[in-house]
Structure formats: structure tokens, C-alpha cells
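The structure appears below as C-alpha cells.
All values below were derived from every heavy atom in this structure, side-chain atoms included, with hydrogens, water molecules and symmetry-related copies excluded.
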Amino acid sequence: MGQNSPSTEFLFDFVYLDRDKLSSYSAQLFADGVLTGTKSSHQSSEHSGSKFDAGIKGLLSAGGSDGESIATSLERHFDASWTLPLNVINALDERGMIHRELSTARFGNLVMVKGRIQFVDLRMVQGIWGPIMELSVGSQKNAMTSAQRRKQSEGVKTSGALVQILSKLPHALQMRMYGFGNQIWASLKHESMIVNPEDFAFKHGDRIPGEWVCLGLLDAVPDADDDDIQPIGFGDIEEAMLNVLNVLKEQFGRRPSDYGVTPIAIFRKVDPA
């Protein structure tokens, strides 16, 4: 399907679009680069006036007309930016560059997978780790003995330091896609979201209904073992930082059983009535 003829059999309801990635692919797929707009023009003319005869009748005569021509033109400009994802997806699919099976795809391949989605926006709790910790401690006090309360008081100072650490850590917008035998983890760019993740949270909680489609780059597989290609000779500071990264992954990131994908587009199909 060409760059100017997107699919019309159904609609795509996009909730996430990485336009930088799509523009990069478009520049490589189409000779004209990235289509940003189209123009349609129409022109018509009308002539009005009266005819006259001049000269000696029967010997020499000439005819003519006296009037004016009126030309009108209509020019319409269209925003073609929303055809970008449709054109790119169609072109990639026509070239056989989209894999439908995760199990047969390799690192760096484009994959298109279906399933249910779940958004987890950790920004929503970034500023309230302190109150969360206090509520957790307060709810446990009623069931504690005096000795347990004294011991807990000693741990409150440690909890305060933990809250400061947690509040400074990166709080990403995450997506999980599950179903059809696979589970996918992804980190999303907030600026690429078309629908606010808070809308999903307040409307659906932790379960968003419907079947969704994700087009993305496969960059992690379950239980991948890369120990044989790890660098050696870490310094103390570097090793401490790498340990922090491992903790971040285990507590805030992808689980060992998940695939990892960098999403380019997340959407669902809207069929005609």
C-alpha cells in the first residue's frame, strides 16, 4: 500500500506513538522522506460580455466580443502527520519486516504482538513514599507487643533513609502485555502517550479491557544469560553502581520470565459497525 493510501477497512485507535522512530523508518522506506502535509487545488474560469459587428456590411466585417474573464481558485491544505504510522506499518508489513511470533524473532527484530495491556505509572507514587511508609507502620502497631514496637522504632530511622533513596530513583511509565502464552514488559516515553495513563488508572484500575496490538523492537528475552560477554575489572564505585542497576531491574523493571520490547506504536482495531 502506497504512502498516500492508508488502509480504510478499519480504524486504528492509537494510545502510544513514538513519532521519532516512525519518522526515521519513513525516511528510509520512502524516497520522498516524511510526509508532513498534502495540498489539493481546483481552478475554474468564467467569461461574460456581449458580441458586436464592425465594418461595411456585405464588403468587410469583423466580429468580436467585449467582456471580462473571472478566474477562481480553491486551495485546501491537509495535515498528513497522522498518516505516518499507517504508511510506515503498511510498508514494513509489505516488506516482511514484522515478526508475529516472539519465539522465532531475534534481538533487534520488529515484532507485532497482541494481548491485554496494563500500565503502571510509578510517577504517581514518587512523592508519597513517606506517607505510604507511615501508613504501613501505623497499621502494624496495633497488633504489636511493647518489645516489637521498640524494635520497630529503631527501624523507622532506616525507613526514612529508604524513603529518601526511593524518592530519588527513576519512576518510569511501564507497560505489561500478557495473553497468548507470552508476557511482555516495556518502558514507555510519557511524551509519546496519546491518552493520559491516569485516565486508564482511574477508569479501569489494573485491568484494561480489550485486545491491544503493540509494534516494537525486541530487545530482551526470558532468562537470557549474558554472563559470558560481561566486562571485567570493575572499580568499587562502578561495581556499586552496577549493583544498584540490578536492584532497579529486580524491583522496578522486567521480570526474568518476561520478554522486553521497546514499543513504537500501541493501538487497537476499531471495526466498522
Side-chain angles (χ1 to χ4, degrees), residues 6-7 9-23 25 79 81-86 88-89 92 98 100 102 110-133 135-136 163 166-220 222 248-273:
S7 174
E9 297 177 0
F10 48 81
L11 297 178
F12 286 156
D13 178 23
F14 289 98
V15 297
Y16 182 87
L17 280 178
D18 187 337
R19 291 189 176 275
D20 291 336
K21 284 281 189 185
L22 290 167
S23 296
Y25 293 155
D79 181 6
S81 61
W82 283 101
T83 65
L84 175 65
L86 303 177
V88 171
I89 291 173
L92 290 171
I98 299 177
R100 260 70 177 186
L102 287 171
L110 284 167
V111 295
M112 183 175 287
V113 289
K114 298 179 182 179
R116 300 283 293 272
I117 59 173
Q118 180 185 68
F119 291 125
V120 180
D121 191 353
L122 294 177
R123 297 178 309 166
M124 298 178 69
V125 296
Q126 185 169 12
I128 59 174
W129 282 114
I132 289 176
M133 196 72 71
L135 288 173
S136 177
V163 167
L166 288 173
S167 63
K168 299 298 182 181
L169 292 176
H171 288 60
L173 171 61
Q174 303 179 13
M175 180 201 73
R176 293 190 185 277
M177 176 172 275
Y178 55 96
F180 299 98
N182 299 313
Q183 185 155 295
I184 295 168
W185 181 93
S187 178
L188 305 176
K189 297 193 295 186
H190 294 90
E191 62 271 20
S192 295
M193 288 293 298
I194 296 174
V195 179
N196 289 328
E198 294 89 345
D199 294 343
F200 284 114
F202 292 136
K203 187 179 296 181
H204 300 295
D206 65 338
R207 298 184 182 182
I208 302 172
E211 181 182 272
W212 297 81
V213 181
C214 176
L215 172 68
L217 287 165
L218 178 66
D219 45 27
L248 282 175
K249 174 186 174 298
E250 293 170 2
Q251 300 299 323
F252 290 91
R254 183 182 67 89
R255 290 178 288 194
S257 59
D258 296 346
Y259 284 90
V261 169
T262 298
I264 297 170
I266 302 172
F267 57 92
R268 59 183 169 185
K269 187 173 69 172
V270 181
D271 291 311

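When all heavy atoms are compared, the tightest approach of Ile208 to Arg116 is O-NE, 3.2 Å. Val213 approaches Met177 most closely through the heavy-atom pair C-CE, 4.2 Å. The two residues Asp121 and Pro197 have their closest heavy-atom pair at OD2-CG, 3.7 Å. Across Ser23 and Leu84, no two heavy atoms sit closer than the pair OG-CD2, 3.7 Å. Taking every heavy atom of both residues into account, Leu17 and Ala265 meet most closely at CD2-CB, 3.8 Å. Across all non-hydrogen atoms, the minimal contact from Arg254 to Pro222 is NH1-CA, 4.3 Å.
Looking at heavy atoms from C-beta onward, Ile184 lies in side-chain contact with Leu102 at the 4.5 angstrom threshold. The shortest side-chain heavy-atom distance between Tyr16 and Leu173 does not fall under the 4.5 Å cut-off. Using a 4.5 Å cut-off on side-chain heavy atoms (C-beta onward), Phe200 and Val15 make contact. Leu188 is listed as a side-chain neighbour of Met193, based on a closest heavy-atom distance under 4.5 Å. Lys269 has its side chain out of reach of Lys114: every pair of non-hydrogen atoms, C-beta onward, lies at least 4.5 Å apart. The side-chain heavy atoms of Asp199 and Phe119, taken from C-beta on, include no pair separated by under 4.5 Å. In this structure, Tyr259 and Val113 have side chains that are not in contact, with every pair of non-hydrogen atoms separated by 4.5 Å or more. Contact check for Asp20 versus Lys189: side-chain heavy atoms found under the 4.5 Å cut-off.
More than 12 heavy-atom neighbours from other residues, nucleotides or ligands sit within 6.0 angstrom of CZ on Arg100.
Interatomic distance, Trp212 CH2 to Arg268 CZ, rounded to the nearest 0.5 Å: 3.5 Å. In this structure, CE in Met112 is found 4.5 Å from CZ in Phe267, a value given to the nearest 0.5 Å. With values rounded to the nearest 0.5 angstrom, Gln118 atom CD is found 13.0 Å from Trp185 atom CH2. With values rounded to the nearest 0.5 angstrom, Leu22 atom CG is found 7.0 Å from Ile89 atom CD1.
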| Does the pair Arg176 and Asp258 meet the rule for a side chain to side chain contact (heavy atoms under 4.5 Å, CB included), with working shown? | CA-CA 9 Å; Arg176 293 190 185 277; Asp258 296 346; 2.7 Å; yes
| side chain to side chain contact (heavy atoms under 4.5 Å, CB included) between Ile264 and Val88, worked out | CA-CA 11 Å; Ile264 297 170; Val88 171; over 6 Å; no
| request: With side chain to side chain contact (heavy atoms under 4.5 Å, CB included) as the test, would you mind laying out the steps for Leu217 and Leu110 before giving the verdict? | output: CA-CA 5 Å; Leu217 287 165; Leu110 284 167; 3.7 Å; yes
